[in-house]
Amino acid sequence: MSESALSRVNLFDSRADHASVAVESPLAYSWQRSGAPAPSAASRVVLREQTFLGHLILRGGAIVLDEALREVLDIGLPGRPNTLSWDVSGERSIQWLSPDEWLLIVPGGEAFAVERRLRERLADASFAIVDVSGGQTLLTLEGEAVPELLMKSVVYDVDPSHFPVGKGVNTVFAKATVIVRRSGETRWELVVRRSFADYCYRWLLDAGEEYAIGVER
Amino acid sequence: MFQIYCPYCEELREEEEFHPKGQAHIVRPANPEACSDEEWGDYLFFRDNPRGIHHELWVHAVGCRKFFNVTRHTVSYAILETYKIGEQPSVTAEPAVSESTTSTDDVRQGVRA
Amino acid sequence: MQRYSGFGLVKHALSHHEHWERQWRNPTPKKQYDVIIVGGGGHGLATAYYLAKEHGITNVAVVEKGWLGGGNTARNTTIVRSNYLWDEAAALYEHSMKLWEGLSQDINYNVMFSQRGVLNLGHTLQDMRDIQRRVNANRLNGIDSEVLDADGVQKIVPILDCSKRARYPVMGASWQPRAGVARHDAVAWGYARAADALGVDLLQNTEVTGFKIRDGQVYGVHTNRGDIEAKTIGCVTAGNSGVLAKMAGFRLPLESHPLQALVSEPLKPILDTVVMSNHVHGYISQSDKGDLVIGAGIDGYNGYGQRGSFPTVEHTLQAIVEMFPIFSRVRMNRQWGGIVDTCPDACPILSKTPVKGLFFNCGWGTGGFKATPGSGHVFAASLAKGEMHPIAAPFSIDRFHSGALVDEHGAAGVAH
Amino acid sequence: MNQQVQRLAQGGRIDRSRPLDFTFNGQTYQGYHGDTLASALLANGVDIVNRSFKYSRPRGIVAAGAEEPNAVVQLGASEAAQVPNVRATQQALYAGLVARSTNGWPSVQKDLMGVVGKVGGKFMPPGFYYKTFMAPASMWMTYEKYIRKSAGLGRSPAEADPDIYDHRNGHCEVLVIGAGPSGLAAALAAARSGVRVILADEQEAMGGSLLDSRETLDGKPADQWVADVLEELSGLANVTLLPRTTANGYHDHNFVTLHERRTEHLADCAPRTAEGARQSRARLHRVRAGQVILATGAHERPLVYAGNDVPGNLLAGAVSTYIRRYGVVPGNKLVLSVSNDHAYRAALDWHDAGREVVAIVDAREAPDGDLVGEARERGIRVITGSAVIEAKGANRVSAARVARIDIDGFRVAGPVETLACDCVASSGGYSPVIHLASHTGARPTWNDGILGFVPTLVDGVHAAGGAHGIYALGEVLADGVAVGSQAAAATGGEAAEVALPASQAIAESPACALYQVPHEKPTLRAPKQFVDLQNDVTAAAIELATREGFESIEHVKRYTAMGFGTDQGKLGNINGMAIAARCLKRTIPEVGTTVFRPNYTPVTFGAIVGRHCGELFDPERYTALHQWHVENGAEFEDVGQWKRPWYYPRKQGGKLETMHEAVARECRAVREGVGILDASTLGKIDIQGPDAREFLARIYTNKWEKLAVGKCRYGLMCKDDGMVTDDGVTSCLADNHFVMTTTTGGAAAILEWLELWHQTEWPELDVTFTSVTDHWATMTVTGPKSRALLAELTDDIDLDRESFKFMDWREGTVAGVPARVFRISFTGELTFEINVQAHYAMHVWKALFEHGKKYQLTPYGTETMHVLRAEKGFIIVGQDTDGSVTPEDLGMQWCVGYDKPFSWIGKRALTRSDTARSDRKQLVGLRPKDPKVVLEEGAQIVFDPNHAIPMPMVGHVTSSYYSPTLDSGFALAVVKGGQQRMGESVYLPMADGSVHEAEITSTIFIDPKGERQHV
């Protein structure tokens, strides 16, 4: 591994020490503005924000990235378009976004170390890694009515019989763009851009009213 | 509303995820400085406008963000094929001779994109 | 020509309407004409009429592959205005506006030109800058136009939501009082009847299949009803212009796109003006029959299918209900699509071509209907003289090579 | 309370134990659960439901479904709940329903306009308005005012809609439209094959014609089979049943819009659910289907005869439906006029109900089908070779005039017999419902065998049963199963068995082609024979249109307005075409057909809008600091979808500052102290790769090969037509790593622009682009005191002017947060742009304010930003440019790399003959002669203000402000040849008649040497 490869990009850990710095998730304003209805027994959808995770965009050839990821994180690149895979712990996921683009999500605080190790491993290969942790957030939706809620919101076919666990797509959500992923039988995830987060949240509360949507904070 | 097969996502997706970007296979002249005003104007503004089979550039804007080509019938709106950038259509309106009898421009030889 | 009047109507009623004459003949094509107009839409018929009336050229054929006025004349949302930004476009549309103002009497056919005024709304600071720029230009070009603030808009259209609650609150508007709407079919029929009366042959169901060109000079057309000769030919075929140009051996900087429109069920009168919004993106007026007539932008892909994509309709109605929340319970009756031939600069082509004697009038995009009289008038003059009329001259094909575009995208608002 | 005089004691699918009160035209009536408004009105003996549009003639209910032209009512108990133009035949009755006729004054019974219609009708042939109201020209607007008064049917509510609507994006392998016999059979076959099936039907109950059928299936009433099938379907997970759901539009590639009315059968405002949640009044299903089956059945055609619009004239099939489904007989004495066997059912049902059938008048000479035989067996008089030529009566049919007719000769061929009756039902045959199939643009074809148009189908669309002219029940069911299986197989379904129920074979004698019934008088002189009841189009109108040379059916339709009503010609179009064909001596297929457009039946705007209204009309994009801006009283400006602080008015002496005051204060703070702007909305694109620099050089107009790591550079972007399209600062983070900024509005478009060139033209360049707009929050700290402020918050960035120069960037820590700090300036002052991960933006922003107190750190918004940058001559793309401005027009030759090796995007176009002109409009500064004047943005510039109109214009003001620093107005403008006209005067003639004079100046008004940003 050459120092020079590392030096040709600017490696910058933009994460602060969360103990000493006030930190606000993309939904911070929304909690204030729209509130968060508590989940009840009637709730057929429960929403949670998974805050401050590490989000990395990986660009490059599938083969080299696959090898590097296996070595660094013990996850292989998903083999098919529009799918994702997790590591054994289920805490780290890698999702196909395009033939040369993947979204890697890791626990908060890991992003920079992972980026550095991947860069070291990839060295002079043709690739790029971009930290976008501050620009997006991950929402989980859990419950039997999630597909119904999503059908009111996205144009993609989210019928559970056609959207197996491990599928993930970038698609139109109301008038925004989100990534929709299915991470379990009744568990779905949305990756939402920060600046659209309030809009998406308000849309979800509105569309979820008939399913008594609850929000866990 | 169209349903378009994205050759990169390898599945049919809704038109709302895509943007049309005009005629496909328009190549920027390799040496713009050597073009006459007329040739440059042709490259900028003159497009095929067939009533029938047309090759178009689309982008899967809300999806994989890749550009690709679509062969589509402009009356029936049937999509006859989609294919990646750099590939050539397999469905064409006429034998792959030049479309217009007056097409003099060497500007648009070599359809690469 | 049987003259139309209220008195005449009474007379006919008393004789059970058994004596109305045909509004136009159904002639057999002659072998030769002085001028052939290809395309029997509003613009083509107007051209023929003004050729006969203003230039005394009556040995004219209008060759139409379907029925008269069956293209965009039959499918538009009937808005007439002249508040264009650039001098060249403003001159053309204002020329047209002046002809609209006496048209019913001129052709003895009530085209129901109703000058109920057009508002172009502004919702952002940049919208308002553009509106001020356009209105100032209009004024110095002699076109009636003024800037209104939100209160002024509210006074004219009380049912418009001008509140600050709106996602994009109305900040003001440009207002052209002389603008309005007209009865689209009547324009084609009125010109047809008047042209026919002056001796023009209207040849319906006659499709041009090729041009007769010798030494770079056109001398006729092939049609499904035989060859017809003329040394001057004007093509006024909107969305089909590219296909015709290809027959004549050259290309045009045109692309044909679907443009959709829709109407509600008929309602009692509630909206007296035309309201257009570029930013929220929709426009609306109410016809004399009571329908809300609504339209929006064009679909981005090429299409001759006379239909577009449903999301365009959805976005349009979202805009309408955003501006007029009280229309939420009103119902949409019918939607349809036209084929608009658009130029890269959103202005038309009125031009000579590489073929001598062959002229094209096309590329009107979404602005064709309102230009019908003016387009026909200056195109007729150009055909009669063999040189482009001064108002038409800036709209030659050459501009796409020289770079002298007349870009009406930026500031003209929704181009309808 | 009126009696339900026409209600039978038993029968029908209504629940007599659940009476419902409702109001029509102010009078209260009672119907039953299961009624439609129309069946309830008929039960109560209400004959006149409306007045006609043009002639104000009394009109009654004609049909029982979507084809009803007359019973169009205004619904709603409160103002906000008003719904115009509801078809009474499709409106389920609920308790408390309030409806009114849409026309008729003072009432539908005694309508004054009817007098006008009676007298004036003669003077209103088709197109009469084209021929009149022309003199004097100035009077048209007055005439029109009166014409408009008679426009319209119902009225719009005057208040906003209290209800919500939503969408559901449905996906299925097989969509079945229509749940009559063929649709149910098709759905069953497809469902059993395991594929996803959506079955939609417009009626309250599924079953279609089987709900009022006289026939049996497997020896049981047909509706028992319906119930069995529905029970099976509703138990299958792969099936979605959508009653009250109309498929209104077929769009490309099997995209179908379904309009589900979810609460309109319950109340005029959507009730809340038991749990208290709102529910949508209607839902639009946007369905993408693998295969579509049109099982839409057929509409019966009425015969066109004189007086056919008097209340009491009904469709034969509607008579059956009202009797069998609703237990209502719409009269006492029936005369039935038919051209086919099927319609005999009406007489048999009427007879079963115990009422008198005066006669069946059959246009055929010798009908002998099973139903004809049954009628004769019951002793019903059957008059053959004849037709009802005229219905008599004013407000209700009182008699039918019957005569032998010669169809081919189109004449009455025998004496007229007058039969007293109060109901004339007619049937001229059946028209397959081909609307959805023709939404594709495919023209239907005429089928002489069934005397109707059958659909032309595109790939993936099938028709079943009556929708393509198969009418015998046994065949319809078999067809449904076959089509359902075929569609399922095409989408990967497993073959499944469906056993057909046993049905009876009914022998039918062939129908005859009869549309308009001749009258003793010629059509133009006969009493009105209506073709399109809603638009008052008569056979005479069509004849007149053809006489006047309107020969295309499209011309005929448009001239007469036939088919333009809310029923869209479902009843009348074929008859109208047949009449046109007769007049033009052509056949119906020669006359052609008209293309049906969406919608099949009208759709509520709200349903199409869904939740994309009000607060959710368009996303509001917020920066990470939005809450602070809100709490600190910012006024916001919409920039694209972003909400940006525009200015921050403060309370001064109990009064809120005006924008002018706030902006002046904010400007002074920046020029004299320190201000701060939330610049997070600027587009930011991370660019990596060995060819990043080469790519920048191709896409920007200026040079990039020498930009060193740690340095920033301003760049200008053109389209290939040479016109400026975006600008921004790009910084070199490392050799192969840049971050580009774009305008706020241009961010998404520029990213796509970069990808376009990379993917389609230069794929060999090794470079990637990733949006980091949302990742970074950007805080612009600017003003002479900015360094001092920032110094308090960072200890690892050397802020010294020599080590951290203008157009440098550094990384370090600000307020404990890792930051990239850029020394770039859009104000002309010493500036530090602090970029931190957005999660920490609020922390850093608040820390800056904490430390900024002693410097009077002042937040400023976009308005102040605009003033400050304009004072420095910095452009805003989209404000100072409009897509017709080159870098040279902007006087930015310094930003153009004429000698770069690659012919960058936009370069070639600059030398085109028009683009290279020296007298193009060029960006300059303007100083008004009167410093108190702030020129209007958009004001047009002239050299000679005394020139006559049209006055030659030479440019316009693009940006204009009051400058607190200059204490004067100033502006940026484009002026023809302006760069060569420094110091000259130009004039700005304003709307109020005043003319401003201004001097052409440099675009830089403050600190021309740029010293302040270097301090």
Side-chain angles (χ1 to χ4, degrees), chain C residues 4 6 9-10 13 16-18 20 22-24 67 70 104-105 109-110 114 124-126 129 132-133 136-137 139-142 167-168 185-186 265-270 288-290 305 307 310 314 317-318 321-322 325-336 402-404 407 410-411, chain D residues 83-85 122-123 125 128-134 137 144 147-148 151-153 155-158 160-161 251 441 524-525 544 547-549 552 554-555 558 566 597-598 602-606 608-609 612-613 617-618 638 882-884 912-915 936-940 949-951 953 956:
Chain C
Y4 291 158
L9 185 70
V10 172
H16 305 279
H17 302 291
E18 284 166 351
W20 288 108
R22 293 182 66 93
Q23 299 200 359
W24 50 79
W67 38 284
S104 294
Q105 289 71 31
Y109 209 93
N110 190 350
S114 174
T124 67
L125 296 173
Q126 188 57 41
R129 282 189 278 267
Q132 284 173 183
R133 178 182 175 193
N136 280 314
R139 186 168 43 78
L140 298 185
N141 271 323
R167 172 66 185 85
Y168 298 105
D185 290 326
E265 297 182 300
L267 301 173
K268 298 279 186 272
I270 187 159
D288 283 352
K289 197 167 158 280
R307 63 185 189 280
F310 187 67
E314 290 179 303
L317 282 175
Q318 287 163 17
V321 171
E322 175 70 2
I326 65 166
F327 289 159
S328 170
R329 286 181 168 232
V330 172
R331 301 191 298 182
M332 164 178 155
N333 198 21
R334 207 155 37 86
Q335 71 173 96
W336 66 92
S402 71
D407 197 338
Chain D
V83 190
N85 306 341
K122 251 183 144 24
F123 305 102
F128 73 96
Y129 29 80
Y130 305 138
K131 298 171 176 169
T132 48
F133 305 122
M134 284 180 281
E144 195 193 24
I147 293 174
R148 276 175 91 81
L153 296 170
R155 66 177 180 86
S156 163
D161 195 336
H251 303 267
L524 287 180
R525 297 187 177 219
L544 186 57
R547 276 177 185 234
E548 288 194 83
S552 155
E554 281 290 345
H555 276 161
R558 287 162 180 276
T566 64
R597 306 283 183 190
V603 181
T604 307
F605 281 8
I608 296 169
V609 171
H612 300 280
C613 58
F617 171 65
D618 203 35
D638 287 305
D882 63 1
S884 69
R912 290 176 302 170
S913 61
D914 188 77
T915 321
E936 183 174 302
E937 287 175 341
Q940 293 288 335
I949 299 284
M951 200 183 284
M953 290 168 261
H956 73 280

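Chain A is the first sequence line, chain B the second, and so forth, proteins listed ahead of strands; every chain is numbered from 1.
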Atom group of [X] that falls short of 4.5 Å from chain C, counting heavy atoms:
| X | value |
| --- | --- |
| D:Ser552 | side chain |
| D:Thr915 | both |
| D:Glu937 | both |

Could you tell me which of [options] has the largest number of non-hydrogen atom pairs under 4.5 Å with chain C?
| options | result |
| --- | --- |
| D:Leu524, D:Ile949, D:Thr132, D:Asp161 | D:Asp161 |
| D:Lys131, D:Gln940, D:Met951 | D:Lys131 |
| D:Ser156, D:Ser884, D:Ala137, D:Gly883 | D:Ser156 |

(Q) Measuring from atom CE of D:Met953 to atom NE2 of D:His956, what distance do you get when rounded to the nearest 0.5 angstrom? (A)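 Between D:Met953 CE and D:His956 NE2, I get 11.5 Å after rounding to 0.5 Å.
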Q | Between CZ on residue D:Phe128 and CG on residue C:Asn110, distance to nearest 0.5 Å | A |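 With rounding to 0.5 Å, CZ (D:Phe128) is 10.5 Å from CG (C:Asn110).
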Q: Heavy atoms only: give me the nearest C:Gln105-D:Met134 pair and the separation to one decimal.
A: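 Smallest interatomic distance, heavy atoms only, reads NE2-O, 2.6 Å.
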Q: Kindly give the heavy-atom pair with the smallest separation between C:Ser114 and D:Glu144, and that separation in Å.
A: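 Between these two residues, the closest heavy atoms are OG-OE1, 2.5 Å.
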Q. Does the side chain of C:Arg129 pick up a donor-acceptor pair with the side chain of C:Gln132 at under 3.5 Å?
A.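 Their side chains do not contain a donor-acceptor pair, so the 3.5 Å distance test is not met.
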Q) Looking at C:Arg329, C:Arg334, C:Arg331, which one forms a salt bridge (Lys or Arg N to Asp or Glu O under 4.0 Å) with C:Glu265? A)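 Of the listed residues C:Arg329, C:Arg334, C:Arg331, the salt bridge (Lys or Arg N to Asp or Glu O under 4.0 Å) partner of C:Glu265 is C:Arg331.
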Q.
Within the structure provided, determine whether D:Phe133 and D:Ile147 are in side-chain contact (heavy-atom separation under 4.5 Å).
A.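 Yes. Closest side-chain heavy atoms under 4.5 Å.
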Is chain D contacted by the side chain of [X], its backbone, both, or neither, given a heavy-atom distance below 4.5 Å?
| X | result |
| --- | --- |
| C:Ser104 | both |
| C:Leu317 | both |
| C:Asp185 | side chain |

Q.
Please verify the inter-ring angle class for C:Tyr109 with D:Tyr130; under 30° counts as parallel, over 60° as perpendicular, anything in between as tilted.
A.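 The rings of C:Tyr109 and D:Tyr130 lie parallel, inter-plane angle below 30°.
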Q) In terms of heavy-atom pairs under 4.5 Å, which option from C:Val10, C:Leu125, C:Thr124 contacts chain D the most? A)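 Top option by heavy-atom pairs under 4.5 Å: C:Leu125.
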**Q.** Top of C:Glu322, C:His17, C:Arg167, C:Gln126 for chain D proximity - count of heavy-atom pairs under 4.5 angstrom
**A.**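 With the most close heavy-atom pairs to chain D, the winner is C:Arg167.
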